[in-house]
Protein chains: 2
Amino acid sequence: MCGISIDMERKPYLTPKQQKVLDFIRKRIGERLPPTIREIGEELGFKSTGTVRDYLKALMQKGLVRRMNNKSRAIELTERASFKIPIIGTIMAGKPNLAYEEIQGYVDADDLFLGRLGFDDVFALRVKGDSMIDAGIIEGDIAIIKKRPHADNNDIVAALLDNNEVTLKRLRSKSGKFHLEAANSNYAPIFEEFKVIGKLITVIRKY
Amino acid sequence: MCGISIDMERKPYLTPKQQKVLDFIRKRIGERLPPTIREIGEELGFKSTGTVRDYLKALMQKGLVRRMNNKSRAIELTERASFKIPIIGTIMAGKPNLAYEEIQGYVDADDLFLGRLGFDDVFALRVKGDSMIDAGIIEGDIAIIKKRPHADNNDIVAALLDNNEVTLKRLRSKSGKFHLEAANSNYAPIFEEFKVIGKLITVIRKY
DNA sequence: TGACAAACCACACAAATGTGTGGTATATCT
DNA sequence: AGATATACCACACATTTGTGTGGTTTGTCA
C-alpha cells in the first residue's frame with residue numbers, strides 16, 4: 001500500500017489508453033524522435049487525427065506533456081512524466097513478481113550522470129592505480145570531470161602535473177597554500193607545481 | 001600530433017562550416033528535437049533550404065548523419081558522429097587552452113550507464129553502510145541493478161533477505177551452495193535464506 | 001432525465017517541411 | 001583550360017503535419 005500511495009502522489013490518474021499513448025511517446029522519444037500526431041494514431045489504431053489530439057489535450061491538462069504550436073513532432077514530456085528509475089528500500093516477498101514495497105525516490109535517467117551540463121565542459125578519465133581507494137575510487141572507474149581552472153578545499157580534482165601527467169587527487173589548502181593529497185596512506189602528498197584542470201563530479205563503474 | 005592523428009582516424013575531415021552544422025544538429029538533438037532544414041538554415045544564416053541540403057548531403061556522404069525521406073526532423077547522428085566524451089591520458093601543458101595529448105578512447109554519453117538495456121529491467125538502490133567498501137562501493141552510491149533471478153559466483157548481487165531487506169553483497173558458491181559475502185572484513189558471511197533479485201551492473205556516485 | 005467525460009470518426013484547410021531544378025561565384029588541382 | 005569541390009541563392013512543388021469544426025456512442029454521476 002505504501003508503494004502505491006507514493007506512486008499516486010506523483011502521477012495523476014491516467015486511463016489505460018492515455019497511459020498507452022504516453023508510453024508510446026516516451027518510447028519514441030527514447031528511440032529517436034518524438035512521433036507526429038498521425039504516427040501516434042497509426043500505432044494506437046486511431047483513424048482520426050482528432051482522436052489523437054483529444055489524448056494529447058488530456059495529457060497536457062494533466063501536466064504530463066508539453067507542446068509547441070504548429071511545430072512538427074514538438075511533443076516533450078514534463079518532469080512529472082520523464083523517465084525515472086525507482087530507488088527502492090524493502091521489497092515484498094512471497095509474490096511471483098517482485099513488488100516494490102518502499103520507494104524512496106527516483107533517479108532521473110537523463111540527469112543521472114551529467115545533469116544539465118553542457119557536454120563541452122566535460123571529459124572523462126579512466127582511473128589507474130589505487131591512490132584514491134579510500135575515497136571509493138578504484139582502478140578502471142570512469143571519472144567524469146567538469147573543466148574548471150580552480151576548485152575548493154577538499155574537492156577531488158583532476159590536476160595537471162609538471163610532467164604532463166593528469167592525476168586525480170584531493171585538493172587541500174594549508175595556510176593559504178594548496179597541495180594535492182591521495183586517499184591512500186601509502187602515498188605522500190604532492191607539493192610540486194600543479195594546475196587544476198577540473199573538478200570531479202561523477203564516478204561511474206561498470207561491471 | 002598524436003592526439004590529432006587519433007582524431008583523424010575516427011572522424012573524416014570536415015570543413016569549419018560543416019562542423020558547425022553538425023554541432024548544431026547535435027545540440028538540438030541533445031536539447032529536444034532534431035532541427036528542420038529551415039531551422040538549420042536560420043541558425044547558420046543560410047537563406048536557401050538548398051544550401052542546407054547541400055550540407056546534409058555532405059555530412060551523409062561522410063557517414064556522420066543518416067536521414068529518412070520525407071519525414072520531418074528525421075536527422076540522426078551515426079555512431080561515428082554520436083557524442084562521445086574523450087577519455088584522456090596526458091595533456092599538453094603550457095597552452096592557453098588545454099589540448100588533449102593522448103586520447104585513449106571515448107565514452108559514449110548515451111550508453112554510459114545503461115547501454116541499450118530496456119529500462120523495465122532496471123532499478124536502483126542507494127547504498128547504505130560500509131559493507132561493500134573493499135569493493136569501492138560506499139554509502140550514498142547509486143547501484144544500478146539489472147533484474148535477474150540468478151547470478152554467477154563472484155557477481156555482486158542485490159539479494160532479498162527473509163526480513164524483506166534488500167542488500168548488496170557478493171555471491172559466493174562453496175561446494176555447490178550459495179551464500180552472500182560482504183566486502184568488509186568486519187562483516188560475517190550470510191548463510192541465511194535469500195533470493196537473488198538482480199545483478200549489479202553499474203555504480204554511480206555524484207559529488 | 002440531463003450534464004459531462006471518455007473515446008472515437010470524417011474531412012477540410014493551413015502551415016510547416018522536404019524535394020528538385022537550376023543558377024552564381026570562388027578556389028584548387030591536373 | 002577543364003574538372004571538381006565548396007559555398008551559396010531563388011523558387012516552385014509535393015508531402016507531411018498540425019489545426020479546426022462538427023459529429024456519434026457509451027458510460028457515469030447527480
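Chain identifiers are assigned alphabetically (A, B, ...) following the order of the sequence lines, protein sequences preceding nucleic acid strands; residue numbering begins at 1 within each chain.
Ionic pairing of Glu39(B) and Arg28(B) is present here: one or more N-O contacts between side-chain nitrogen and carboxylate oxygen are shorter than 4.0 angstrom. Asp23(A) has no carboxylate O lying under 4.0 Å from a charged side-chain N of Lys20(A), or vice versa, which leaves the two without a salt bridge.
Partners of Asn153(B) under the side-chain contact (heavy atoms from CB on, under 4.5 Å) rule, at least two apart in sequence or in another chain, are Arg172(B), Ser173(B).
Looking at which nucleotide of DNA chain D each of Pro35(A) and Asp54(B) is closest to, the 5′-most match is held by Asp54(B).
One atom, CE of Met68(A), and another, C1' of dT19(D), lie 16 Å apart when rounded to the nearest Å. Nucleotide dA7(D) holds its P atom 10 Å from the CG atom of Leu14(B), rounded to whole Å. Between the CD atom of Glu42(B) and the P atom of dC8(D) there is a distance of 16 Å, rounded to whole Å. We find that CG of Leu33(A) is positioned 13 Å from C1' of dT17(C), with the value rounded to whole Å. A straight line from NZ of Lys20(B) to P of dC8(D) spans 11 Å, rounded to a whole angstrom. One can place NZ of Lys57(B) at 12 Å from C1' of dT6(D), the figure rounded to the nearest angstrom. For the pair Gln18(A) CD and dC8(C) C1', the interatomic distance rounds to 13 Å; values are reported in whole Å. Atom P of nucleotide dT17(C) and atom CZ of Arg67(B) are separated by 13 Å, given to the nearest angstrom.
Between the Arg73(A) side chain and the Pro34(A) main chain, a donor and an acceptor come within less than 3.5 Å of each other.
Each of dT17(C), dA7(D), dC8(C) was ranked by its minimum atom distance to the side chain of Tyr55(A); first place goes to dC8(C). Closest to the Phe46(B) side chain, of the nucleotides dC9(D), dA7(D), dT17(C), is dC9(D).
Of the residues listed (Arg205(B), Lys206(B), Lys128(B)), the one engaging Asp141(B) in a salt bridge (Lys or Arg N to Asp or Glu O under 4.0 Å) is Arg205(B), and it is the only one.
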Enumerate the protein-to-nucleotides 10-16 of chain D contacts in which both atoms are nitrogen or oxygen and the separation is below 3.5 Å.
from    : atom 1 : to       : atom 2 : distance (Å)
dA10(D) : N7     : Ser48(B) : OG     : 3.1

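The phosphate of dG20(D) (OP1 or OP2) has a side-chain N or O of Arg53(A) nearer than 4.0 angstrom. For Asn69(B), no side-chain nitrogen or oxygen approaches OP1 or OP2 of dG18(C) to under 4.0 Å.
Put simply, CG on Asn184(A) and CD1 on Ile137(A) are 12.0 Å apart, with the number rounded to the nearest 0.5 Å.
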**Item:** salt bridge (Lys or Arg N to Asp or Glu O under 4.0 Å) assessment of Glu181(B) paired with Arg170(B)
**Value:** CA-CA 5 Å; Glu181(B) 219 173 84; Arg170(B) 195 178 290 279; over 6 Å; no
